[in-house]
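Below is one structure; the comments refer to it alone.
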4 protein chains.
Amino acid sequence: MAQNPSSAPDTSRRSERSRRAIYDAALALVAEVGYPKTTIEGIASRAGVGKQTIYRWWSSKADVLLEAFLDLSDQAAEAAGQKPYTIPDTGDLAADLKNVLRATVDELGDPAFEAPSRALAAEGVVNEELGRRFVAQLLEPQLQLYVDRLRAAQETGEVRPGIDPRIALELFVSPLAQRWLQYTGPITYEYTDTLVDYALHGLAPR
Amino acid sequence: MAQNPSSAPDTSRRSERSRRAIYDAALALVAEVGYPKTTIEGIASRAGVGKQTIYRWWSSKADVLLEAFLDLSDQAAEAAGQKPYTIPDTGDLAADLKNVLRATVDELGDPAFEAPSRALAAEGVVNEELGRRFVAQLLEPQLQLYVDRLRAAQETGEVRPGIDPRIALELFVSPLAQRWLQYTGPITYEYTDTLVDYALHGLAPR
Amino acid sequence: MAQNPSSAPDTSRRSERSRRAIYDAALALVAEVGYPKTTIEGIASRAGVGKQTIYRWWSSKADVLLEAFLDLSDQAAEAAGQKPYTIPDTGDLAADLKNVLRATVDELGDPAFEAPSRALAAEGVVNEELGRRFVAQLLEPQLQLYVDRLRAAQETGEVRPGIDPRIALELFVSPLAQRWLQYTGPITYEYTDTLVDYALHGLAPR
Amino acid sequence: MAQNPSSAPDTSRRSERSRRAIYDAALALVAEVGYPKTTIEGIASRAGVGKQTIYRWWSSKADVLLEAFLDLSDQAAEAAGQKPYTIPDTGDLAADLKNVLRATVDELGDPAFEAPSRALAAEGVVNEELGRRFVAQLLEPQLQLYVDRLRAAQETGEVRPGIDPRIALELFVSPLAQRWLQYTGPITYEYTDTLVDYALHGLAPR
DNA sequence: ATTTAATCGAGACGGTACGTCGCGTCTTTTG
DNA sequence: CAAAAGACGCGACGTACCGTCTCGATTAAAT
C-alpha cells in the first residue's frame, strides 16, 4: 500500500493545534518585527512547531500569512456579527457611502490590521499569483458590497442607469486605497467625504 | 570641524563609472530575474564592482533601485525632449485627459518600466521612508501636471471653481493605479476613457 | 535541566560522512596551498559541505586542522601496527635512540606530515590554548616513550640514577625540534647521532 | 626624465618620521591585540600614515614587524651598553652558562619582547624566508656568543676538544627554546641550571 | 484495545546571500 | 616626488535562513 512519495499529506490527521499556533505566531511576528524580518524559522520556533510542519501545509511565507490573515478576518467578521456583509441603505446614497468609508478609514488605522495587510498588499504587487488571491478572497468580496449598493441606487434613480457600478465604485475607493498604499496624501473623514461628493456629482459644472 | 566618526565617504572621489554600471546592473537584473532574486552580490558582480562600493553609497537594495530608476526616468525624460513636462491643453479637457491616460496605459505595460516600478511600489508599501521618497521624487511631480491642467480648466469654466484639483485628479488616476498595483481589473483604453467620463460628470443624474 | 541557550548541537545526529570529508579537505588544502591560503570556505567547498557545518562543530580553522591531524596520526599509528607505541630496547641505549631519531628525521621530511604539523606548531606558538592541546595530544605522548626508555636505561645502569628523564630527553629531542621549527641548521642522521652522543656523555672531559 | 614605473623608491627622500611611527605602531598593536589582529590598515592609521607608505617600503606585515623588532633590539642593546655582546668568562663555564640562561629566562618573560618575538617566531615556522631572516639577524648572532664561550672553554680544557660548539650549545639552548615556543614545560632557573649540568656531564655514569 | 502509519517537534545538512573587514592597487591633493 | 587620504575590485569572514532530510515520539484512524 505504498503512497505517492512526498505529496498529498493526509488532511484528516492534521494538527489543528499547530495550525492555530502558526497563524498566531505569523501575525504576531509581522506586527512586531515587520514582514521582511518575519522568517519561517521564526514562525516555527515561536509556534513551537517543526519547520517541516509549515512546509508540509504551505508553500511560502506569504502563503502562511495570507491564510492567517483570512482566518483573522473571518474571526473578526464573526465576532462583529453581520455588520460588514452589506452596506446600509437609508435611501441617502451619499450619506451611506460616507459612513462606510469613514469606517474604512478607522480600520486602515488599526495597527492589528495594518501590518499584515500592508505586507500582503506589498507582496501581491510583485507576486501576481498571490496578488490575485489576495484580491479574490479579501478585496473583491468587499467591493461587491459597493456594487450592490450602487445597483440599488440605480433602481431608485440616485445613480444614472448607464453607469457601470464596478467601475463607479473605484472613483471613491481607489483614491483612498492609493493614499493608504503609497502615502500619497493624508487620510481623513473630510477627504473621503469629499471623494464621495466629487464622484457623485462630477467635476464639471452642471 | 571634526567629522562624524567612521563615515561620510568623499563624494568628490566617487567613481562615476561604477555608479553607472551599478544602475545598469540593478535595472537589468530586476527586469530579468525579478526584485526578490536580485541581490546586492548579483548587482556587484554584474557591474564588475566590489560589494563595498555599493554599501559605501547606498543603504539597501531598494535604495539602489530607487536611484537607478530615478536616473532612468531622468534620462528618458531628457531623451523625449519636453513632452512630458506638461499636459497638452487643446481646450477639450476630457480629450486631453483621455490622451494622457492612454499613454500611461501604454507605459504601464512597458516591461522596461514595469519590473522596477512594481518592485519599488511594493517596497514602498511596506517601507514608509522609501515609499515617501518614491512618491515625492517620481509620482508627485507627475500628479502636479494634472493639477496644472485642472486649474487651467477651472479658469475656462470646464471644471467647477470649488473643486480641489489635487483630490480631483485621484478620481481617474487612482483607479488606474490600483488596477495596476493590485490586479483588481483589466487595464484598457476603454476603461480609462470611462473613468474620465465618470469623473467629469459624476454618477448622479444631472 | 535546561540547556545553554542557542548552542550545543546534537552529537548523535552528526554526519560522519561530512566529518571525514572535512578532515580530508583540510589536510589536502594545507598540503597544496599552505595554511594561510587554506580558508574555511575552501575547506567547505572542497568537502562538499556547508560552511555552517564546519562552524557548528569547530571554532576555528586551527581547530579543524588539529582534529584532522590527530585523526590522521591515529590512522597512521593504527595502520603501522604497534610500532610507535614503544621505543625498542636492544640493551644499547645510544643505538636505540639514534634509530628512533633517524626515523623522526625521515618523518619530518615527509611532505604529508610537514605542512599540517608546521601549521599547527606555528599556530600553537601564538595561540597558547591550541599550543597546549597540540602538545598534550600529540607531542607529549611521544615524549613519554623516551621517558620510558630512559627509565629502563636507569635500571640497567646505562643512565645515572639521579637524572630526570623528562628533562634528559630534551637534550636530544629539542635541538632537532628547533632546527626543524626555526631553520637554525641542517637536519641529518649525522646530526642526530651526534646529539645522542653528546647528550649521553656530556661536553666535559671524563 | 621618466622613471621606471612602480619600482625603486628613492631612499634619500624617505621620511624618517614615518618610519619610526610605523615601527612604534606595529609593536604597540602586536602587544595590544596580538599579531593576527594587527593589520596594515591598523598600523597605518595608528601611525598617522598612508597605507601606500607602508607598501612602498615593506612587502608584508611580517616584514614590518621583523624590522621594527630588530630596531627595538638594537635600541635595547644600545641602551644596555655592551652587556650582551659577549658571554662573561669567569673561568667557571657552568656558572657562566647558568647566569646567561637565567637572564634569558627573564627576558622570555618580559611582555614587551614576548608578543612580537612570538609572532615572528610563529610566522617564521610557516614562512621559511622570514624564518631564515629571523634566525640570521636575531638568533644566530646570539648563538655565536655561546660558540665563542665554548671555544674558550675548549682551550682551558673545560670542554672536550672534539666537541662541535655549534651543536653543543643546542643541548641547553634548544630545550629552553622549545619549552618557550611550544609550552612543553615550565621555565625556571632550576630547569636551566639542570640543563647546563646535564649537558656538561652527560646522562651516562662516568 | 491494539496496531500501524502519518504527522509532529527537533534540528543537522548543503546552500545562498548577507553586511563587514582587510588586502593590495590606484588616484587625487598637499607640502 | 614622497606622503596623507581613502575609493576601488576583490576575497574571506562568521551569521541568518532557506528548503530538504532524517530522527524518535505522539497520536488518530483502521483494525
Side-chain angles (χ1 to χ4, degrees), chain A residues 1-3 6 8-15 17-18 21 37-45 47-57 59-61, chain B residues 8-15 17-18 21 37-42 44-45 47-57 59-61, chain C residues 6 8-15 17-18 21 37-42 44-45 47-57 59-61, chain D residues 1 3 6 9-15 17-18 36-42 44-45 47-57 59-61:
Chain A
M1 289 292 133
Q3 165 121 346
S6 80
D10 183 342
T11 325
S12 68
R13 302 194 99 129
R14 182 167 184 182
S15 162
R17 213 167 150 283
S18 297
K37 287 192 179 170
T38 296
T39 64
I40 299 266
E41 296 207 336
I43 296 171
S45 134
V49 136
K51 277 200 287 180
Q52 202 56 251
T53 300
I54 298 185
Y55 285 110
R56 187 159 21 236
W57 303 109
S59 67
S60 68
K61 178 171 73 161
Chain B
D10 183 343
T11 323
S12 70
R13 290 228 188 297
R14 182 166 185 182
S15 162
R17 217 168 148 284
S18 298
K37 288 194 179 170
T38 296
T39 64
I40 299 265
E41 291 207 335
S45 129
V49 138
K51 275 200 286 181
Q52 205 56 50
T53 299
I54 298 185
Y55 285 110
R56 184 153 30 230
W57 302 110
S59 65
S60 68
K61 178 170 72 162
Chain C
S6 85
D10 183 342
T11 324
S12 71
R13 290 228 186 297
R14 182 166 185 183
S15 162
R17 216 167 148 285
S18 299
K37 289 194 178 169
T38 296
T39 65
I40 300 265
E41 291 206 338
S45 126
V49 137
K51 274 200 284 182
Q52 204 57 47
T53 299
I54 298 184
Y55 285 110
R56 183 151 34 227
W57 301 109
S59 64
S60 68
K61 178 170 74 161
Chain D
M1 291 290 133
Q3 167 119 348
S6 80
D10 183 343
T11 324
S12 68
R13 288 183 167 253
R14 181 167 186 182
S15 160
R17 214 167 149 285
S18 298
K37 289 193 178 171
T38 297
T39 65
I40 299 266
E41 297 207 335
S45 133
V49 138
K51 278 200 287 179
Q52 202 55 251
T53 303
I54 298 184
Y55 286 109
R56 184 153 29 231
W57 302 109
S59 66
S60 68
K61 177 170 76 161

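Keep in mind it's a predicted model, so treat the numbers as computed, not measured. Reminder, nothing fancy here: chain letters follow the sequence lines and each chain counts from 1.
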Both Arg56(D) and Thr11(B) contact DNA chain F. Taking the nearest nucleotide for each, which residue is further toward the 5' end?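 So the residue in question is Arg56(D).
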Considering non-hydrogen atoms only, spot the tightest contact between Ala47(A) and Ala21(A) and give its length. CB-O, 3.5 Å
For the student: nearest non-hydrogen atoms of Ile54(C) and Ile40(C), plus distance: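 Where Ile54(C) meets Ile40(C) most closely, the heavy atoms are CD1-O, 3.9 Å.
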Would you confirm whether Lys61(B), through its side chain, and Thr38(B), through its main-chain N or O, come within 3.5 Å as a donor-acceptor pair?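 Checking the backbone N and O of Thr38(B) against the side chain of Lys61(B), a donor-acceptor pair under 3.5 Å is found.
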Please state how far atom CD1 in Ile54(D) lies from atom C1' in dA5(F), giving the value in whole angstrom units. 13 Å
Please give, in whole Å, the distance from dA12(E) C1' to Trp57(C) CH2? 8 Å
Give the dot-bracket line for DNA chain E from 5' end to 3' end: parentheses for intra-strand Watson-Crick or G-U pairs under 3.5 Å, square brackets for crossings, | for inter-strand pairing, dots for unpaired. |||||||||||||||||||||||||||||||
Nearest-nucleotide comparison on DNA chain E, the residue closer to the 5′ end among Val49(C) and Ser45(A):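 Closer to the 5' end of DNA chain E: Ser45(A).
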Output one line per pair: protein atom, nucleotide atom from nucleotides 28-31 of chain F, and distance, for all N/O pairs under 3.5 Å.
unit_1, atom_1, unit_2, atom_2, d
dA28(F), N3, Arg13(A), NH2, 2.7

Per-nucleotide protein contact along nucleotides 12-17 of chain F, 5' to 3', at a 4.0 Å heavy-atom cut-off (B base, S sugar-phosphate only, - neither), is BBBBBS
When you check the phosphate oxygens OP1 and OP2 of dG14(E), does a side-chain N or O of Thr53(C) lie under 4.0 Å from one of them?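 So the side-chain polar atoms of Thr53(C) do come within 4.0 Å of the phosphate oxygens OP1 or OP2 of dG14(E), strictly under.
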It should be established whether Ser18(C) places a side-chain nitrogen or oxygen under 4.0 Å from OP1 or OP2 of nucleotide dG14(E). yes
Salt bridge (charged side-chain N to carboxylate O under 4.0 Å, His left out) partners of Lys51(D), counting only residues at least two apart: Glu41(D)
What residues, two or more places apart in sequence or in another chain, satisfy side-chain hydrogen bond (donor to acceptor under 3.5 Å, both in side chains) together with Ser12(C)?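 Here the qualifying residues are Asp10(C).
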Just how far is it from atom CZ of Arg14(A) to atom OG1 of Thr11(A), taken to the nearest 0.5 Å? 7.5 Å
Taking side-chain contact (heavy atoms from CB on, under 4.5 Å) as the definition, give me every residue that meets it alongside Arg17(D), ordered by chain and number, with sequence neighbours left out.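 Arg17(D) satisfies side-chain contact (heavy atoms from CB on, under 4.5 Å) with Ser15(D) only.
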